[in-house]
Protein chains: 2
Amino acid sequence: MSLALNSKGGVSETTAERVREIARDIGYTPNALARGLQRSSIGMIGLVIRPLDTLESFLPAGVDFFLRLTGAASLAALERGYTLMLVTDPSKPDSPLSALAADAYIVTEPHENDPVLTMLAGERIPFVTIDHDPARPDAFPAFRARATNQVQTMLAHLVEAGAQRVALVTGTDPNAWNIESRDEYLKWCAASGRSPQLLSYPETAGSAVGDDVIDALFGASPTLPLSSPAPDAIFCLTGRHAAGVTEAAIARGIRVPEDLLVAGGSGAIINQTSKPTVTTFDLQPEAVGALAVDAAVKLAERKPLEGPLESPPALIQVRESTTRSQH
Amino acid sequence: MSLALNSKGGVSETTAERVREIARDIGYTPNALARGLQRSSIGMIGLVIRPLDTLESFLPAGVDFFLRLTGAASLAALERGYTLMLVTDPSKPDSPLSALAADAYIVTEPHENDPVLTMLAGERIPFVTIDHDPARPDAFPAFRARATNQVQTMLAHLVEAGAQRVALVTGTDPNAWNIESRDEYLKWCAASGRSPQLLSYPETAGSAVGDDVIDALFGASPTLPLSSPAPDAIFCLTGRHAAGVTEAAIARGIRVPEDLLVAGGSGAIINQTSKPTVTTFDLQPEAVGALAVDAAVKLAERKPLEGPLESPPALIQVRESTTRSQH
DNA sequence: TTGAAAGCGCTAACAG
DNA sequence: CTGTTAGCGCTTTCAA
């Protein structure tokens, strides 16, 4: 009956039809788990969104990157006959057993020497990453996020918009995005003879970091003399940091964009609605998600990934926070 | 070894430890599929977002309800030791087999006599719905969305904001939300001696319906005399319809909110950023998602759902489109 | 307390 | 071309 229902070899069309009819009559549905056990593949792609393991919330208020990625990946998987499962770190001992049941995984923004990648590789479960493990850049197939390019683009934009002294605010997750952005920023400072002003705050903190950033860069009180000259632009890698900084600056009487330009890396919804709206990148999570699923499905089917994995370019979205009026 | 690793009965602590050590040494990981086959449960909750099957896109631009729901449900599932799988209609013949592998399902906004529910019930797979099947309101456990209450709330708000003649624009999916809203609206019209102005457009169409709605209610040309008096308020059940209607009205020289009030049912992001911003409901998808997972997990573990399923109230978010200035 | 074996529902290889 | 059977990796019952 297996042969008949799956129209494999060696069953006459008449018997096949007879089998199918009976199957229909008794309401037969194949058991996915049993088939999965036999084939050792169940038709499922696992999506591990790494930053969520530190954020401790699947829904950091106002961050839509992950949700857009998830939605796109889910649809892409279904289109390819797969199902998408959402999991956090499956290498944690208390993670559900089913978290390891997928045929292939997509891991976003892995950490330095990420244990998730180590585990998957150890178990010989195929995976692709979205952005690479910064400690093992070429060890595994990865869609590079190219933080380097983005930092260059944004710094160029800020300078063109009138900035002289650009400060950088990164997150603290040890991922390629934070690390490479910082390195590129330092390189740019060195090359252009600027002295770096570099801060890091946990991604979790969200827009609450605003006051701390402004305190650190402009002094706790407006009258306090500063050792280094205050920046005239701040580039925050996370959109929520950028939102908080913008708000804190304005509360302090620092006008955005007149006195201070503010830009974000990965845009959050809030950056489109705040006053002023804040310049960010659109990292095109939908496109990335679909491409990653493509690759994961190939890996699940033990097909080779031909060619380098190209991720779509980040699109800079210039908004009010870096647009000084022309007159 | 199974007994030892799962610390079931009848293994001395010494042997248990010895077994565990060897397991660690050889890097043993239990196979989720095999265990699932044996236990006939794998620790997975399936989420079926019904409207997506008609929308034909997991990401209708600007609609964030589903993504917020998904994120919250996913996190809630992980917290309870389950994993969340996203699927569209698993009753479709071409859906992946794994789409039926979950222990329990959450089905959002089922259609009238929804085949998904029929199938799950037939397979004896437990499920909860978010909003009920309008043809079988009490057949299955459901978190009622209470469209009736929402229509009452919104109509009361519009009247208070100055509306006399309120038109209703629904979607076309045969779900409880559309059906009950329409019924409640008609009841309200009858009770208050108003003549109903009722339109329906596919959810898919999004904000593109704006011109059609305005044409239908105000006449294709501004000078054309209308048989029935034009409305002074339009309540669109979907946020994107509301956005389109607002835009089309303004393009036609009809001022919002001065000449026309516009409100949406389920809010989309665009309603918070448009000019004017549009009054909508916040349906609290995060809270609903977490509650639904709670219920689904109970069902998966064959525990009874005690008491009626209460969903959080929809919160009306009054914005510019229904706020006439006071002077 | 331990070891052996049956069986979860399916697939694929094997004789008939 | 058909019917029988072993076995995927696990759990659990049964005998030792």
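Protein chains get the first letters and strands the later ones, always in sequence-line order, with residue 1 at the start of each.
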B:R18 atom CZ is separated from C:dT2 atom C1', nearest whole Å, by 11 Å
Distance test, side-chain N/O of A:S12 to OP1/OP2 of D:dT2, below 4.0 Å
yes
For C:dG9, take OP1 and OP2 only and decide whether either is under 4.0 Å from a side-chain N or O of B:S40.
no
Looking at A:E109 and A:R50, is any side-chain nitrogen of the basic one under 4.0 Å from a carboxylate oxygen of the acidic one?
no
Would you mind checking if A:D131 and A:R146 are paired as a salt bridge, meaning a charged N to carboxylate O distance below 4.0 Å?
no
Bend of the helix from C:dT1-D:dA16 to C:dG16-D:dC1 from end-axis comparison, five pairs per end, nearest 10°, comes to 60°
With a cut-off of 3.5 Å and sequence neighbours excluded, list every side-chain donor-acceptor pair involving residues 135-143 of chain A.
unit_1, atom_1, unit_2, atom_2, d
A:R136, NE, A:D133, OD2, 3.0
A:R136, NH1, A:T118, OG1, 3.2
A:R136, NH2, A:D114, O, 3.1
A:R136, NH2, A:T118, OG1, 3.3
A:R136, NH2, A:D133, OD2, 2.8

What are the two closest heavy atoms between A:P126 and A:R302, and how far apart are they?
CD-NH2, 3.8 Å
Minimum heavy-atom separation for B:G27 and A:E123, please, with both atom names.
O-OE2, 4.4 Å
Is the backbone N or O of A:I42 less than 3.5 Å from a side-chain atom of A:D103, with the two atoms forming a donor-acceptor pair by type?
yes
Are the side chain of B:N6 and the backbone N or O of B:S2 linked by a donor-acceptor pair below 3.5 Å?
yes
What string of B, S and - do you get for nucleotides 9-16 of chain D, 5' to 3', if B is base contact, S is sugar-phosphate-only contact and - is no contact with any protein heavy atom under 4.0 Å?
BSBB----
Between A:E180 and A:H132, is there a side-chain donor-acceptor contact under 3.5 Å, judged purely by atom types and distance?
yes
